[in-house]
Every structure is written in structure tokens, then in C-alpha cells.
Amino acid sequence: MSSTVPHVISPSTTAPGRQRLLRRRHALVVVLTFLTGSADAIGFLSLGGAFSSVMTGNMVLLGLSAGRGDAELALTSGCAIVSFIVGVLAGARLVGSAQPDDPVWPRRVTWALVLELLVFVVFLIVWEVNLPHHDEHVDLALLLLSAAALGVQSSAIQRFGVPGLSSTYLTGTLTSLIAGVAARSPWGSLRPKAQVLLALMTGAAVGALVALHLPVVAPGLLIVPLVLVIAVSARMRS
């Protein structure tokens, strides 16, 4: 899986053991991408029509709002962008940059995901309190919390130091997948990219269904996958 092989190889891990850890890491990134899709669907449908992680889309919405003179859309998309940036900065300070002697899953990545979990716990509390009334100002605050959390997650994945590996911005992943298909690359090299993209779409579909028909449990789509990833990654030894 070329998309999940880091720049450096730790001499303390045997090749078969390292490959097992790389496969596990990729599976956890897939779970995080499912979370991302759910968060984007919930944000778009329930929190003002902007995205929690797709900042390219929010930039388009911000430009669209200027062309239409839509101040509400400008506020929503603009604040989401700023909040995501704050999350990225906080996550980057916490995880640091990739190091030559990094294990497959650096411990700081798990710490960053714990920070993301704390933000989503606040999201859960505010969501449940706001649910009967859906105050638009509270909806905006919820969108900002979600965007900040995914900004932290985005920085956390960057600590792996693997070009193209992400759980939040995936246009490059799609481009790489289609280019690989056109070049008739082996399925083994394309499968990880396809899995990530499928996880994003599946998360969005599930998030949309829950947001529209069972909103009381919507925060669970964000918290449960994250708890799973933290629990599994905390036990990884590399």
C-alpha cells in the first residue's frame, strides 16, 4: 500500500510486524474518514449549510455568498474556515512534525485525537440541549466546534508524514485513484484509496439519514468511531 508507507522505517520493528501495523493504521484512518463524512453531512444539513472539514467547499460557499449578497451564508462558511484553521493550529502544536525515528503510530497522534474527542463531547452536550429549539446561533457554535475538531484530526494525520494520506481532504485521493486506474496500476495499490473514499461517502450517507430522521443520536456518529480509534491506537506498539 504505497499510500500508507512512511518516509522512514523503524529498525526495532520486523518487516511482517510493520506491515501489520501499517494495515491497522490504514484501517483506523478509514474509520476516521467515516467520521469526517458524517460530520460534513450533519453540518451541511443541520448546522447552517456549510461543511465541517471540506474547506475548499466552504471557500466556494464564501465566494458564492459574496456574489449573492448572502450575509448569513458568508458568516457560516467564513466562521467554519476560521474554526478549522484554529483546530489545525492547535493540533499541529500538539502532535509536532514527523520525525525520522517515528513509530508507525506516534503517541502524540492519539493525544490529538483525545483533544478532538473532548471537543466532540462538548458538541454532544450542546447538541442535545439545543435539539428541541434549534437556535441558529447555537447551530453556528456547533458547526464551529465540529470544524475545530476536524482541524485537529487533520493535523494529527499529518504527523504520520505520509504524502497523500488524509482523513479530511480527499480530492487528491480521488485524483490519484482515477490516475491509477487509467495507468492500470495493481489493485493492491489502489484499494487503500478506494477504501478511504468509500468510507467518506458511507459516513456522509449515514450522517444524512441520522441527521434527518434520528437527530438525537447524531453526535454518536462522531464520538463512537473516535473512541474506537483512540482505544485501538493506544494499544499499538511499534
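In this structure the side chain of T173 never reaches within 4.5 angstrom of the side chain of S166, judged on heavy atoms. In this structure, the side chains of T110 and W105 come closer than 4.5 Å at one or more pairs of heavy atoms.
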Table please: side-chain donor-acceptor pairs of residues 28-36 below 3.5 Å, with sequence neighbours left out.
| unit_1 | atom_1 | unit_2 | atom_2 | d |
| --- | --- | --- | --- | --- |
| T33 | OG1 | V29 | O | 2.8 |
| T36 | OG1 | L32 | O | 3.1 |
| T36 | OG1 | Q153 | NE2 | 3.1 |
| T36 | OG1 | S167 | O | 2.8 |

Listing, residues 56-64 side-chain donor-acceptor contacts under 3.5 Å, not counting sequence neighbours, or none:
| unit_1 | atom_1 | unit_2 | atom_2 | d |
| --- | --- | --- | --- | --- |
| N58 | OD1 | F51 | N | 2.9 |
| N58 | ND2 | F51 | O | 2.8 |

Side-chain donor-acceptor pairs under 3.5 Å in residues 158-165, sequence neighbours left out?
| unit_1 | atom_1 | unit_2 | atom_2 | d |
| --- | --- | --- | --- | --- |
| Q158 | NE2 | Y169 | OH | 2.6 |
| R159 | NE | S97 | O | 3.1 |
| R159 | NE | D102 | OD2 | 3.0 |
| R159 | NH1 | V95 | O | 2.3 |
| R159 | NH2 | D102 | OD1 | 2.7 |
| R159 | NH2 | D102 | OD2 | 3.4 |

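Under the side chain to side chain contact (heavy atoms under 4.5 Å, CB included) criterion, N130 pairs with H134, D135, V138, D139, L142, not counting sequence neighbours. Judged as a side chain to side chain donor-acceptor pair (under 3.5 Å), and not counting sequence neighbours, the contacts of S154 are T168. Annotation: salt bridge (charged side-chain N to carboxylate O under 4.0 Å, His left out) contacts of D70 (sequence neighbours excluded): R68.
Taking the six-membered ring where the residue is Trp, F123 and W127 present parallel rings, their angle staying beneath 30° rather than reaching 60°.
With values rounded to the nearest 0.5 angstrom, L124 atom CG is found 9.0 Å from L222 atom CG. Within the model, atoms CG of L150 and OG of S53 stand 5.5 Å from one another, a figure rounded to the nearest 0.5 Å.
Applying the 6.0 Å contact sphere to CD of E72 captures no more than 12 heavy atoms from other residues, nucleotides or ligands.
In this structure, T76 and G48 approach most closely via the heavy-atom pair CG2-O, 3.7 Å.
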